[in-house]
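Residue numbers begin at 1 in each chain, while the letters A, B, ... track the order of the sequences.
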2 protein chains.
Amino acid sequence: MGAVSIREVAALAGVSITTVSNVLNRPEIVSRKAVERVEAAIESLGYVPNIAARQLRAGRSSVIGMAVINITNPFFAEMALGAERAAEASGYAVFVGNSYDSAARESHYLDLFDRQRLDGVLLAPIGDDLSALERFAKRSVPVVLVDRVDPSGRHASVSVDDVLGGRLAASHLIEGGARRLMFVGGPTRIAQMRERLEGTRIEAERARLDLAVVDEGALSVRLGLKIGRDLAAMPRASRPDGIVGGNDEVALGIMHSLIQAGVDVPGEVSIVGYDDIDFASASTVALTSIRQPSHEIGLRAAQLLLAALAGEDLRDRSVRFDPELVVRQSSRPVG
Amino acid sequence: MGAVSIREVAALAGVSITTVSNVLNRPEIVSRKAVERVEAAIESLGYVPNIAARQLRAGRSSVIGMAVINITNPFFAEMALGAERAAEASGYAVFVGNSYDSAARESHYLDLFDRQRLDGVLLAPIGDDLSALERFAKRSVPVVLVDRVDPSGRHASVSVDDVLGGRLAASHLIEGGARRLMFVGGPTRIAQMRERLEGTRIEAERARLDLAVVDEGALSVRLGLKIGRDLAAMPRASRPDGIVGGNDEVALGIMHSLIQAGVDVPGEVSIVGYDDIDFASASTVALTSIRQPSHEIGLRAAQLLLAALAGEDLRDRSVRFDPELVVRQSSRPVG
DNA sequence: GGATCGTGTTGAAACGTTTTCATCGGAGCC
DNA sequence: GGCTCCGATGAAAACGTTTCAACACGATCC
């Protein structure tokens, strides 16, 4: 069809294919006159270079792949945006794959990245099994883990100290007077959840308090609503009075159910969420939450990957951010 | 480095390159024995076909591009998921680009799709200007519009009747006794917003009621909070008592501010959102909203595109869904 | 027993670039 | 005026696949 190739551009401009290619890739080495003629020809023919051919010949795709756990979560969306910004500044495009909490979808995207010969991979992994990344190592395609550390230390990572996040949440609740703690976590195969739980547990033990743990799959508003109903049905004396939600969605759901059922938040129950999404501050009882520098995380991860693509060694270049407690109305004030 | 090509597979299996290619693409025409040998060789070498080469030769990428307005919005996320499901069933991958409410980002993705020679395009367009799609027509790359109709009728589309949605929202408010209506819309360059406003206006005029219109850019929780504060500061007699939000985020924000300021919802003000996201039902005063079949929209759009790729003519194949009113606590009951 | 057919297989061309190396023409130098 | 040198240009090879046309071989047919 209208598939216009470099050949036709060259013909129209009256130069060789090489010159057209040079105009595209290193315009500084070709004469002003030739540049102008070629650009005019490109314009008039509506020529668009065929990436597949370029990639085949050059061996690089100039695209990096990014697979995130759940792009609907504003935390990951912001992260992706940060990564795209950094990548684009260096002439790379970013292909974002949404795992949607499914390991199958994640591995499907890694397959795709592999087949497409993407130049690098950013991965916010769902599970603990990083063996799927070995094929990239084999072709020396750099990989940077996002929001997650590699226990084996083989992959660079940009992450947040989730243990600290859990501790911030729990100690805040305890200082506010909570005595019966509960942690509502996602699937424990997700490392972030395990770490947040661990942080919560550390503080609970230090204060010699009991800690109930709920793990019923992916954290959603819907799940929170159900858990909240169950909690509301418990006698107040045995009901948890300090709840750490693995994310804001589930925390908001819990809070809603409790309030609907007439339970006073934060009077009877204090709640802390995680991620500080926009809705946290917009709920009728604004949600206390743990904030992470999402945009920054994506940005730094991409920068690390770009550095690797530029030939730098990534060992010991990992980055770890600290989360931050944002106190609002859903938790009793300290004292 | 480990870049193993079809050539080495062929050598190891003791067959020609052609046979390896055939095993990959049409295994039915090659003998059982050869298939086994080739598959063993592929396995032992860890061979992964180079898509760029395939695409260059075959002229097809087997990838379709999808650009959506804002993937953080669960409506679009579900839509993308529906499209991916349909595409994958036919052996296509989907490259999802997030415009993030920015026309520049949208056009950036269309550029990328074009350069990458993707086989088809699904687009939930931000603005009215569809001229950027012409280049696809020129190369006869099929395009299906999502959540949007093409006024010129040149592109097939899968959309929702937003005028009807606006009418459902407004007539529900009016039946509940609202007399001073307000519509809070996003940028009017977004057609959906215009249509929702139009539907609201139709019902307002029919009931001979005034309609205030707010348009202050992208609809977010934050914006809603601000609008709600302004509303709360107004004397009750002149304050709108029936509000249609262009999406749930802004509606929830408005509701939150009003309640915080002591305004009774739905006693003094009724509110209807749009999209029926999970948070709508999880807010302390559950939000009445307009629901759209998001997953189905994406699915049908991809199916249409696949049909086009299979050579079918898309003219007059557009699909239009009807939205649905979901009544909850944020609006006064009828009567 | 030769022509015809069918089944598996193969060699070679082609896809549209980038890149290497050679060539060319002219400017600067002695 | 002949020499070198340099910048600009071009011819051709290469990237890894798909696909077409041709081939080998045995079975089937008259």
Length of the CZ-P vector between B/Arg32 and C/dT7, whole Å: 17 Å
Nearest-angstrom distance from the residue atom CZ of B/Arg7 to P of D/dC15: 7 Å
Euclidean distance, atom CG of residue B/Leu24 to atom P of D/dG16 [Å, nearest integer]: 15 Å
Donor-acceptor pair present, B/Thr18 side chain and C/dG11 base, under 3.5 Å: yes
Distance-only donor-acceptor test, B/Arg57 side-chain atoms vs D/dT18 base atoms, 3.5 Å: yes
CZ/B/Arg154: more than 12 non-hydrogen atoms of other groups inside 6.0 Å: no
Nearest-angstrom distance from the residue atom CG of B/Asn22 to C1' of C/dT10: 10 Å
Sugar-phosphate, base or nothing in reach of A/Ser31, heavy atoms under 4.0 Å: sugar-phosphate
Whether over 12 other heavy atoms sit under 6.0 Å from A/Asp316 CG: no
Whichever of A/Ala52 and B/Ile17 has its nearest DNA chain C nucleotide further upstream toward 5': B/Ile17
Donor-acceptor pair (no angle test) under 3.5 Å: A/Ser5 side chain, C/dT17 base: no
Whole-Å distance separating the CD1 atom of A/Ile29 from the P atom of D/dT9: 9 Å
Residue B/Thr19, side-chain heavy atoms: nucleotide from D/dT18, C/dT19, C/dT10 that is nearest: C/dT10
Whole-Å distance separating the CD atom of A/Glu8 from the P atom of C/dG16: 8 Å
A/Lys138 with A/Glu134: basic N within carboxylate O range, under 4.0 Å: no
Out of C/dT18, D/dT18, C/dT20, whichever nucleotide has its closest atom nearest the side chain of B/Ile6: D/dT18
Contact under 4.0 Å: A/Arg54 side-chain N or O vs C/dT18 OP1/OP2: yes
Within 6.0 Å of CZ in B/Arg194, more than 12 heavy atoms from elsewhere: yes
Length of the line joining A/Asn50:CG and C/dA14:P, which is rounded to integer Å: 18 Å
Selected nucleotide, minimal atom distance to A/Ala53 side chain, candidates C/dT19, C/dG16, D/dT19: C/dG16
Gap between atoms CG and C1', on B/Leu56 and D/dT18 respectively (whole Å): 10 Å
Proximity to the side chain of B/Asn25 - top-ranked nucleotide from C/dT17, C/dT19, D/dT18: D/dT18
Plane angle bin for B/Tyr109 and B/Phe95 - parallel if under 30°, tilted between 30 and 60°, otherwise perpendicular: perpendicular
